[in-house]
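To start, the structure itself, in structure tokens.
Quick note on labels: first sequence line is chain A, next is B, and so on, each numbered from 1.
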Amino acid sequence: MAPAAVARKEGPAARSTAAGKLSAYKAKRDFTKSPEPAAKRSRAVGHRFAIQRHDARRLHFDLRLELGGVLKSWAVTRGPSLDPADKRLSIHTEDHPLEYLSFEGVIPDGEYGGGTMIVWDHGTWTPDGDAEAAIAKGHLSFTLAGERLRGGWHLIRMRPRAKEKKEQWLLVKVDDEHALASVGGKQLVDAELTSILTGRTNAELAAGGAIRKDHAARRKVAAAKPSSPRARVPKAKKALLPVFLEPSLATLVEKAPAGPEWLHEIKHDGYRLQARIDGHSVKLLTRKGLDWTSKFGAVADGLRELKLGSALIDGEVVVEAESGISSFSLLQEAISAGRSDRMVFYAFDLLYVDGSSLEATPLVERKTQLAALLDDVPAGGSVRFSEHIDDDGVAMARHACRLGLEGIVSKRKDQPYRPGRGTHWLKTKCIERQEFVIAGFVPSTTSPKAVGSLILGDYENGKLVYVGRAGTGFTDRVARELWAALDPIKRTTAPFAAKPSVDAARGARWVEPRLVAEVELRGWTADGLLRHAAYKGLREDKDAVDVIRESPKASASAAAKAPSPIASHTFDLTHPDRVLWPDVGLTKQGLAEYYAEVADWILPHVVDRPLSLLRGPNGIGGKCFFQKHAWDGIGEAVQRQTIAGEEILSIRNLDGLVALVQAGSLEIHPWGSKLKDIEHPDRIVFDLDPDEGLTWDAVVEGALEVRERLRHLKLESFVKTSGGKGLHVVVPVAPKVDWATAKAFAKHVVEAMAKDSPDRYTANVAKRARADRIFIDYLRNGRGATAVAPYSTRARAGAPVSVPIGWDELTAGIRPNQFDVQTLPARLRHAEHDAWAGIGKLRQRIDLIRG
DNA sequence: GCCACTG
DNA sequence: CAGTGGCAACGCGGT
DNA sequence: ACCGCG
């Protein structure tokens, strides 16, 4: 039995990895050779090179590059390997600063002439502006992630080869959207949220829920059949309760399947467990059959209380965060703290019940029986039925990603339970998330006996291969725990099959490749290394040798187009590894990367407006302060100008935004007016701040009422989460009135609400007046007052973000702190349109409203 | 994060 | 030269 | 009149 299982695991996966690599390489070659019109190609590439000499080990050629109208040339050596997989080129020349650059390129076989030359992004360094100029002019194309690069801004760290030179940073914009989106993410956990994915409203949910009805209907059908549901099991076979059944695993795909033969569940972010119930004895078994009952006491108790007789239930145990989304990190915390009271077991399959094996029974029937079995479990208890929907999988995946969930699992309704990985279960992820073997670590530079970054690898064709590092995502505590776990298994040599490169080995302490880390990433670089990898936790339920690369099976291969980059100027980003949000391990570099990633979304809301900042150069734990006026030493990317005797701070682009990050800005608060007309606001903000203990529904209701009242005044409004507890309702107006008028208008609206529902709303800041009410703060609309910007981070635990949402989403299960720096990019990537589309164009008049 | 001021 | 404090401001209610 | 709070 066991050998067969192993063969099934290793065979296809290993093959697919190799095939993936091959096609990736081919895609690039195809692009290079594709007979595009010369004009088009030269715009993207803009240089020619000729092969000069070519021997068995090295390839030499001249690189001619037009820089600032001047043709320059270099001798280029490629080598030492001629392996087609090694596409790196290094420039060796004495006479030009570009010697420090490495290139990656593709050379047409046996030809002279044009080809794609791509700057290789690791450890590259430009001592002067030439490379930037070349990139800006499109003379060089730039890749950070090869085929998997997405359009948008990318933050590049440029490390000089020569140690004495200073490190610098560069922002590069890639304007081609590449088809291979990133996959993975977080998980949603309750049935209500499942329902949201169907687009049903809160009212419908409250009325019993379409999903529930669905199940009730199915149950009714089952019950209507001749005998009782349990006895009448098609294909159920009399059998003994198995000791353990190898779990069915889903294959990762890029795009969820559509069609009536599929059903879709939310992908839960926790530990896969099999509940084996044999009378009073309840065991919880991991995917390898280990008994973890003791770690999940509350779950076992919850199952015991069901008094099921005997059953084998497949499911996932999770811990829900405050936002209602399940979190793997929280689960691990709960386990290590020895408490299981917050854990929830989501049951999604039934393999055996009361003397009958259901392995051969079709899934939909198994789920129907499972639902019937769990019919009486209390809502909100520690055992829950994992609901599913029949809707189009692609749409469901999109909604799931927009809600910040990890992804979805699609299952064939008609298939029996099949242990091991198969294609009858498919998973689609919102954020790419994978396990890797920890091969070593770099000690923290900030605290002793703590890990600074992890050196990771995975098994490819049975060999451990370096895949990169994860240098963010550790909380202080976790960094010390990891050190404690890794220090005892230190070894002197790298555990990789091949000798690691200098880059890979820099600062490394090697360890026995035993531990498995779960890592979240945002794609792969051209060299097959991790991009933006963040550590998520240790996978104690997995063996290191099982960590083979898991890449999505593409439905249609998307050939890479040449990204067209625009580079900004180099700048400094000091202390990139400083941890600003210790609870989630978000670093300064991570913050800059976040803003680069959401640049297109946030910039329209923060550019050319006076800014106030909440700065905290030492993170949310250090001393933080507001700053409104410019100061000496802020770079040129941030504008300062004196208006009406005040030194106003503003930015014009992403360079400015990153300069704010460099200055230690944790929150960005723009004024409600534009720089060019500072005295006339074009945004009015209602800040709904609920008292402690108020339900979220009440806040939603409040926001909807604000919207309704504004509608009566013929004003369209927009809503965003605050990143804290409340909501912000924003009204775009024509900049026709002054601040005093705007504030008076907002006060008028809020006071009318407070007057009509004094038990629900107050316009009074006083603590007492706010008891059990929602304080609607209209004072944000005074001159110089500000509200946090859309997409700005908040200086609170979890690195939450203020996020614009559609009014239709508000009726669903979105929470004010639902999105954070980690989950928001996935939402934006899957967004069909901007939730605030049109806000910049509306010219609503409040000067015409009387009263 | 950085400047200005202090001892 | 190392150490340290500031880095917004506005309405409100309480003292 | 002043202070502390958000």
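Comparing C:dG11, C:dC7, C:dA8 by their nearest atom to the side chain of A:F625 picks out C:dC7. Here the nucleotide nearest the side chain of A:N764, chosen from C:dC7, C:dG13, C:dA9, is C:dG13. Looking at the side chain of A:E646, the nearest of the listed nucleotides C:dC12, B:dG1, C:dA9 is C:dA9. In the set C:dG11, B:dC2, C:dA9, the nucleotide with an atom closest to the side chain of A:K743 is C:dG11.
Taking atom CZ of A:R640 as the reference point, atom P of B:dC3 lies 11 Å away to the nearest angstrom. Counting to the nearest Å, the P atom of B:dC2 and the CH2 atom of A:W631 are 9 Å from each other. Between the CG atom of A:L613 and the P atom of C:dA9 there is a distance of 13 Å, given to the nearest Å. Residue A:L611 contributes atom CG, which lies 14 Å from atom P of C:dA8 at whole-angstrom precision. Rounded to an integer number of Å, the gap from CG of A:D572 to C1' of B:dG1 is 12 Å. Separating the CG atom of A:D687 from the P atom of C:dG11 is a distance of 17 Å, rounded to the nearest angstrom. Rounded to an integer number of Å, the gap from CG of A:N618 to C1' of B:dG1 is 9 Å. C:dC7 atom P lies 16 Å from atom CD1 of A:I648, rounded to whole Å.
Nucleotides D:dG6 and C:dG3 have their P atoms positioned 34 Å apart, rounded to a whole Å. Taking atom C1' on both C:dC7 and D:dC2, the two are 24 Å apart, rounded to the nearest angstrom. To the nearest whole angstrom, the two P atoms, one in B:dA4 and one in C:dA8, are 14 Å apart.
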Contact letters for nucleotides 1-6 of chain D, in which S counts primed atoms plus P, OP1 and OP2 and B counts the base, heavy atoms under 4.0 Å: ------

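Across all strands, A:R578 comes closer than 4.0 Å only to sugar-phosphate atoms, never to a base (heavy-atom distances). Counting any heavy atom pair closer than 4.0 Å across all strands shown, A:T574 reaches sugar-phosphate atoms only and no base atom.
Each of A:L779 and A:F626 lies near DNA chain C, and the nucleotide nearest A:F626 is the one positioned closer to the 5' end.
Within the structure, a side-chain polar atom (N or O) of A:K588 is placed less than 4.0 Å from OP1 or OP2 of B:dG1. One finds no side-chain N or O of A:H669 lying less than 4.0 angstrom from the OP1 or OP2 phosphate oxygen of C:dA8. Here A:H575 reaches the OP1 or OP2 of B:dG1: one of its side-chain N or O atoms lies under 4.0 Å away.
Between A:K674 and A:D677 there is no salt bridge, since no side-chain N of the basic residue sits under 4.0 Å from a carboxylate O of the acidic one. In this structure, A:D756 pairs ionically with A:R709, as a charged nitrogen and a carboxylate oxygen lie closer than 4.0 Å. Using a 4.0 Å cut-off between charged nitrogen and carboxylate oxygen, A:D847 and A:K736 do not count as a salt-bridge pair.
Ring geometry for A:W836 versus A:H605: interplanar angle over 60°, hence perpendicular rather than tilted (30 to 60°).
Between atom CG of residue A:L613 and atom CZ of residue A:F625 there is a gap of 9.0 Å, rounded to the nearest 0.5 Å.
By the 6.0 Å and 45° rule, A:R827 does not stack over the aromatic ring of A:W601.
Other residues, nucleotides and ligands contribute over 12 non-hydrogen atoms within 6.0 Å of the NZ atom of A:K725.
A pairwise comparison of heavy atoms in A:W631 and A:A663 identifies CZ2-CB, 3.7 Å as the closest pair.
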